[in-house]
Amino acid sequence: MTDSDNLAWMGTAELARGIAKREISPIDALDAAIARIEARNPSLGAIVYSDFDASRAAAQAAEKAVMAGDALGPLHGVPVVIKDLFENKAGWKTTFGGIRAFKDYIADDTSPIVAQFERAGAIVVGKGNSPIMGFRGTCDNYLFGPTSTPFDLSRNSGGSSGGSAAAVADGMVSLAQGSDGGGSIRIPASCCGVFGYKAAFGRVPCPIRPEAFVSPTTPFIFAGPITRSVADAALAMEVLGQYEPRDPFSLDQKVDYLAALERPMKGMKVAYSADFDIFPVDPRVAQVVDQAVRAFEEAGAHVEEVKLGIQQNQAELAEMWCRLIVPPNLLALEALKKTTGVDLVKDHPEDLPPEYLSWVDGSFNPTVMEAMADQIVRTQVYDAVQSVFETHDLLVAPTLACLPPVNTDDGNTKGPDQINGEAVNPLLGWCMTYPINFTGHPAASIPAGLAEGLPVGMQIIGRRYGDEDVFAASATFERLRPWQESYQRCEARSL
């Protein structure tokens, strides 16, 4: 590898330490990331927008701060990728997931989570691809096309934070931002063989206005880190997991994510569900996760297979997720109309996938009782998940019920419509992640291993506010089943 490649493959924490000690220049770190993006992104489709001149100016300022002995943030000089969905950086293009009508739209504000990264010293080097309005578990759109997993360019990176996950797995950056309303951090983490973390609801602030009591809660929507190591995600959570008084659901509690990395698992009780009672799971996925979960026994934990007792079938719950996520989407479309003058549904329906348009074209109009009925079912799912934690510390399951989906060339890649002969919703029904967006529990997707050369993720779910338990278990698994060598497959891929 070149020196540039070595810098690009460094972890976030190692890079930040080297910069703080004046052993690594922020300018060199950024140039290494840019070199990787320029060489590798054309074949991967992960980064859809960048302003390298602006990023270099930020790196130069970071260098001056180091040399002047200024106080440095925990991510000072570290290149990061943000998501091209609802995350803005002032002066940069934002397309809300590859909507053609917004191909030249320039944001005039910086989103709170991006501002948090920058206050910590991080340097935004690019925006990662996402599906239109984030409304699916794959990463593809009509403007930019699909993002591939760097393990196999014929396969999708997963969505909706697919560009972020692919960039991390391919060594472009060590840290990227994702958001998660149905699994959009954990799904691409699984498809790209990286670590993705969705904190307990309220840990990472989401000060959306004026929909603060609606948009983040139906279902619970999160922001969080995507990294190649558990420790790097813990460092990122130290930055992101801050109390925000503008967010009515923000938790004013301190969580020591870094200390949790050293906590032993001996004596912990781990509940294992291979299918949440309701999902058809590809046998190749099941085999990898069945073997991976046994690592916790090696660490002194007790692993026990459990039934959750979810009453609805997976098809009903996937349809319900769509119904629950539509109101926030309608609010977002209305906000876009007000701020940009663009009425997507009326004037640019061809820019929206038919599966999305069918939900937002005005025909979706549930009664109050129908809306409340969905919330009752959501409560039942919560009760089923929560019942596991009456006797266990963690719940473990596959992240996805299948291997990474195959890309299509029409800008509308979806997941499978059936698994093991059972019909599933191709938008999200193959993702064993969205039930945890109904409930708000903390959850990670951690690389469990490979099946036929493709990554398989294992989902580690904690008690309602048990973030430290999830990090302790994740760090233990990484020590016992390290996955760093798997990225050699990404490094060796065809460009």
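Just so it is clear, the structure is predicted and the values come from calculations on it, not from any experiment.
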Here the gap from Tyr142 atom OH to Asn412 atom CG, rounded to the nearest 0.5 Å, amounts to 4.5 Å
Practice task
Check the pair Arg489 / Asp152 against salt bridge (charged side-chain N to carboxylate O under 4.0 Å, His left out), numbers first and verdict last.
Solution key: CA-CA 9 Å; Arg489 291 175 176 265; Asp152 183 343; over 6 Å; no
Output for pair (Gln314 CD, Asp275 CG), nearest 0.5 Å, gives 11.0 Å
- Atom CD of Glu23: over 12 foreign heavy atoms under 6.0 Å: yes
**Short side-chain to backbone donor-acceptor contact, Asp28 and Ile24, under 3.5 Å** = no
- Task: Indicate whether any N or O donor in one side chain lies under 3.5 Å from an N or O acceptor in the other, for Asn88 and Thr94.
- Result: yes
* Worked check of salt bridge (charged side-chain N to carboxylate O under 4.0 Å, His left out) between Glu238 and Lys254 -> CA-CA 9 Å; Glu238 295 283 343; Lys254 174 63 177 175; 3.1 Å; yes
Open item on the list: Does the plane of the ring in Trp321 sit parallel, tilted or perpendicular to the ring in Phe135? Use 30° and 60° as the thresholds.
Closed with: tilted
Counting distance only, does the side-chain N/O of Thr149 pair as donor-acceptor with the main-chain N or O of Cys191 below 3.5 Å? yes
Separation between CD1 (Ile226) and CD (Gln177), nearest 0.5 Å, reads 8.0 Å
Point to revise | Main-chain N/O of Leu44 paired to Asn41 side chain as donor or acceptor, under 3.5 Å | key: no
Scanning both residues in full, the closest heavy-atom pair of Asn129 with Pro146 reads ND2-C, 4.2 Å
Please confirm whether the backbone N or O of Lys198 pairs with a side-chain atom of Asp180, one donor and one acceptor, at under 3.5 Å? no
Does Lys127 use its side chain to pair, donor to acceptor, with the backbone of Glu87 at less than 3.5 Å?
yes
Heavy-atom nearest pair, Pro131 first then Thr138, reads CG-O, 3.1 Å
Task: Evaluation steps, side chain to side chain donor-acceptor pair (under 3.5 Å), between Asp140 and Asn407 - done: CA-CA 8 Å; Asp140 196 2; Asn407 285 322; over 6 Å; no
Keeping the roles fixed (side chain from Arg136, backbone from Thr413), state whether a donor-acceptor pair exists under 3.5 Å. yes
Residue pairs meeting side chain to side chain donor-acceptor pair (under 3.5 Å), one or both in residues 391-400, sequence neighbours left out, come to Glu304-His392, Asp393-Arg463, Thr399-Ser445
On a heavy-atom basis, the closest approach of Trp430 and Pro405 is CH2-CG, 3.8 Å
Do the side chains of Glu118 and Lys89 get close enough for a salt bridge, i.e. N-O under 4.0 angstrom? yes
| Between the main-chain N or O of Ile113 and the side-chain N or O of Ser111, is there a donor-acceptor pair closer than 3.5 Å? | no
Show which side-chain atoms of residues 290-300 pair as donor or acceptor with protein atoms under 3.5 Å away, not counting sequence neighbours.
from   : atom 1 : to     : atom 2 : distance (Å)
Asp290 : OD1    : Tyr272 : OH     : 2.3
Arg294 : NH1    : Glu297 : OE2    : 3.4
Glu298 : OE1    : Arg481 : NH1    : 3.2
Glu298 : OE2    : Arg481 : NH1    : 3.3
Glu298 : OE2    : Arg481 : NH2    : 2.5

In terms of heavy-atom contacts, Ala166 and Thr147 come closest through CB-CG2, 3.6 Å
Aromatic contact between Phe201 and Phe222, with the criterion being ring centroids under 6.0 Å apart: yes or no? yes
Checklist entry - So Tyr434 and Phe438, would you call those rings parallel, tilted or perpendicular, with 30° and 60° as cut-offs? => result perpendicular
Requested in this report: Look at the rings of His441 and Tyr382 and say which category their plane angle falls in: under 30° parallel, 30 to 60° tilted, over 60° perpendicular.
Outcome: tilted
Ser184 meets the side chain to side chain contact (heavy atoms under 4.5 Å, CB included) criterion, sequence neighbours left out, with Lys83, Ser160, Ser161
One should read off an interatomic distance between Gln418 CD and Cys402 SG, to the nearest 0.5 angstrom, of 12.0 Å
CG of Asp51 to CH2 of Trp92, rounded to nearest 0.5 Å, is 6.0 Å
Heavy-atom nearest pair, Ile187 first then Gly159, reads CB-O, 3.4 Å
| request: Classify the side-chain pair Thr439/Arg464 by whether it contains a donor and acceptor separated by less than 3.5 Å. | output: no
Ser474 side chain to Val470 backbone, donor-acceptor under 3.5 Å
yes
| message | Any salt bridge linking Asp469 with Arg263? Criterion: basic side-chain nitrogen under 4.0 Å from a carboxylate oxygen. | response | yes
dist Asp170:CG -> Arg228:CZ (nearest 0.5 Å) comes out at 9.5 Å
All heavy atoms of Phe276 vs all of Ala397, minimum pair found to be CE2-CB, 3.5 Å
